[in-house]
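Since the structure comes first, as structure tokens, the remarks are kept for the end.
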Amino acid sequence: MRCPTFAAVAVLWGALGLGGLAQASAQGTAPRADDFVGCPDAKSDAALAGSLCARFGAPLDYAAPDGEQVELFVRKFPAVGRSAGQVWLVAGGPGESGASFYPLLKTLRSSFPGYDLMIPDHRGTGFSSRLCQKEESADSAGGAALEGAEWATCFEALEAHSKRTRAFTITHSARDLRALMERYSTGRKTWLYGVSYGTQLVLRMMTVAPPKRLDGIVLDSLVPPETTGQWDLSHRSAVVDEVGRGVLARCDADPGCRARLGNSAVAAMQGLVDDPKLSEAVPGGRPKLFFGALLDSPALRARIPLILAGIRGGDLAPLRKVEQDLEALGAPFDRFPQASLSIPLVAVISASENNARPGLTQAQVDAEAAGLLFVSSLPGQLVGRTSLAYPRDEWFGRSPATLPPVLVLQGDMDPKTPLAGAQAHLRLLPEAAGVNLVTVKGGPHFLLYTAPDCFKTTVSTFVQKRRAPRAACSL
């Protein structure tokens, strides 16, 4: 059964007068339209039980505060027992909604014990206002995702309404986050967590409009500096390839692994990508891309030598099993209606602020990929997107003047935001309050998900003592 549109949910909230009305009445104050109320979908999934939801109005363009408004959605998971304060969770992407945190509540509660979990959807994602208002609506053909003819009409709309499109910037999203934090502040301790693109958004907010109170920041998989082209999205395949070759090198250093392949793992991978017949066995016929996708999971990347040995020996069972497991990794997240990645927002922000080579051609992408064993699809997706780009504003490339205590968790096998890029970014941040870097040995991307034990131990200590328990952690 198709879930109701968010507009219908808003009507339902108003009709039932849930949560916020009862709380406001008990306090003797008039309810506000943006108060938290009981979420209508709280009983639809066990992960959402007890959650409260709010809809907050913000300017489309903060330079024209009285102009068009956007609606921002935020979900609150109240602490069990007395609340110690709030932790705001900022999703990655760009294009991911807060739903990426819903399956991870157990880890988050252990890491931030006693805190309310505040999970907003960035503008352009989830239940917040979308770029393609018709095609990304919940009751469209593909729901929140684009489907069939919606691709063409959506991108035509982005071009036709370019002024609105170019208001979905990182800086406006940063001002959104600050406005939400100020609106729903309880005056108690406040922590901020961002992952991947979310770290870029958090640091932009701290540069543009820091909140009045913030006790500390946790940055998971910190992005490289905005002004350094070496690790931007157009060079993502080189980053992926470096991690992938590291996995193969570990096999080559292990006599048992090397013996299983009968040769070097690097040679085995090269033989696969060079042989069209063998490549056909891999999903999509693109082994570089498929094996690159396995690097996000420690369990799956460890099976790369086994898969290579199977393909070389005519046994495709290991390949088919890892294909199933790769698809299963997304199942806990994909079950939420607002979970679909917003490709329009990815296109707009990536072209505007995360692409150091706006003139990149497909021929360049192909030429660079030819010498690699592992690749990403991102460089190819950047080709031809410059018409959607907005001008970089005065805040691009700038660092915050001050910061509260900061914990950075970074994997040394991250195929998206490399450790070297994070270290380069850290050198640009102010040191007054202390910046703690914890390197997760063998850690990939999104350590909250991929290294939960390291995450819990490190973050809970940081929250309690304002310092990291150690400089490194191992999977």
Side-chain angles (χ1 to χ4, degrees), residues 5-10 34 55-74 91 93-98 120-180 197 200-201 204 208 233 337-355 358-360 378 381-396:
T5 66
F6 193 62
V9 167
D34 56 5
R55 297 169 290 114
F56 179 83
L60 172 68
D61 184 344
Y62 280 84
D66 296 327
E68 183 181 343
Q69 301 285 295
V70 293
E71 187 172 78
L72 305 174
F73 173 81
V74 58
E96 287 186 20
S97 72
D121 288 346
H122 309 315
R123 63 168 62 195
T125 73
F127 286 152
S128 291
S129 294
R130 306 297 286 253
L131 267 163
C132 294
Q133 299 173 83
K134 177 182 177 182
E135 291 83 358
E136 292 186 286
S137 66
D139 54 0
S140 66
L146 298 180
E147 183 176 290
E150 291 179 340
W151 284 95
T153 59
C154 171
F155 279 86
E156 287 170 3
L158 296 183
E159 298 280 4
H161 304 285
S162 59
K163 184 176 180 180
R164 182 178 186 275
T165 299
R166 293 184 173 93
F168 282 73
T169 69
I170 298 179
T171 295
H172 282 325
S173 292
R175 293 190 185 278
D176 290 343
L177 180 58
R178 201 266 189 182
L180 287 170
Y197 162 73
Q200 184 179 17
L201 178 52
R204 182 68 64 88
V208 175
L233 297 186
Q338 74 273 39
S340 299
L341 186 71
S342 175
I343 300 300
L345 189 65
V346 174
V348 171
I349 290 182
S350 298
S352 305
E353 306 205 44
N354 294 320
N355 180 14
L360 186 70
L378 276 174
Q381 293 172 7
L382 294 173
V383 175
R385 295 296 190 195
T386 54
S387 63
L388 296 175
Y390 54 79
R392 292 173 176 174
D393 61 28
E394 61 181 306
W395 304 105
F396 178 83

Practice item. Using atom types as modelled and distance alone, determine if a side-chain donor or acceptor of R123 lies under 3.5 Å from a backbone N or O of L72. Key: no
Practice item. List the steps, then state whether side chain to side chain contact (heavy atoms under 4.5 Å, CB included) holds for D61 with H172. Key: CA-CA 7 Å; D61 184 344; H172 282 325; 3.4 Å; yes
Exercise for review: Can you tell me which residue pairs pass the side-chain hydrogen bond (donor to acceptor under 3.5 Å, both in side chains) test with a partner in residues 141-158, sequence neighbours excluded?
Suggested key: E135-T153, S140-E150
Check your understanding: Okay, side chain of S129, backbone of E71: is any donor-acceptor separation there less than 3.5 Å?
Key -> yes
Point to revise | Nearest non-hydrogen partners of A339 and S97, listed with the distance | key: CA-OG, 4.0 Å
Practice item. Kindly say whether Y390 contributes a backbone atom to a donor-acceptor pair with the side chain of S352 at under 3.5 angstrom? Key: yes
Revision key, fill the gap. Separation between CG (L388) and CD (E159), nearest 0.5 Å, reads 5.0 Å
Check your understanding: Do side-chain atoms of S173 reach the backbone of H122 as a donor and acceptor pair under 3.5 angstrom?
Key -> no
Practice item. Test P59 against every option in R175, Q69, E68 by the side-chain contact (heavy atoms from CB on, under 4.5 Å) rule and name the one that passes. Key: Q69
**Study point:** Contact summary for A144 and P337, nearest pair of heavy atoms
**Key:** CB-O, 3.7 Å
Practice item. Please check if the side chain of D121 supplies one atom and the backbone of F73 the other of a donor-acceptor pair under 3.5 Å. Key: no
Check your understanding: Roughly how far, to the nearest 0.5 Å, is OH of Y197 from CG of L233?
Key -> 11.5 Å
Check your understanding: Does any donor atom in the side chain of R130 or S137 lie under 3.5 Å from an acceptor atom in the other side chain?
Key -> no
Check your understanding: In Å and rounded to the nearest 0.5 Å, what is the CG to CG distance from L180 to D34?
Key -> 9.5 Å
**Study point:** Donor-acceptor under 3.5 Å (T165 side chain, L158 main chain)
**Key:** yes
**Study point:** Minimum-distance pair of heavy atoms, taken over all atoms of L345 and G95
**Key:** CD2-N, 3.9 Å
Practice item. Give the minimum heavy-atom separation between S350 and P94, together with the two atoms involved. Key: OG-CG, 4.2 Å
**Study point:** Nearest heavy-atom neighbours spanning A58 and Y62
**Key:** CB-OH, 3.5 Å
Practice item. Report the distance from atom CD of Q133 to atom NE2 of H161, rounding to the nearest 0.5 Å. Key: 8.0 Å
Point to revise | Short N-O contact, E353 and R204, less than 4.0 angstrom | key: yes
Practice item. Hey, could you give me the OG1/CG distance between T171 and L201, rounded to the nearest 0.5 Å? Key: 9.5 Å
**Study point:** Atom pair CD1/OG of I349 and S342 - distance to nearest 0.5 Å
**Key:** 9.0 Å
Revision key, fill the gap. Taking every heavy atom of R392 against every heavy atom of N354, the minimum-distance pair comes out as NH2-N, 4.4 Å
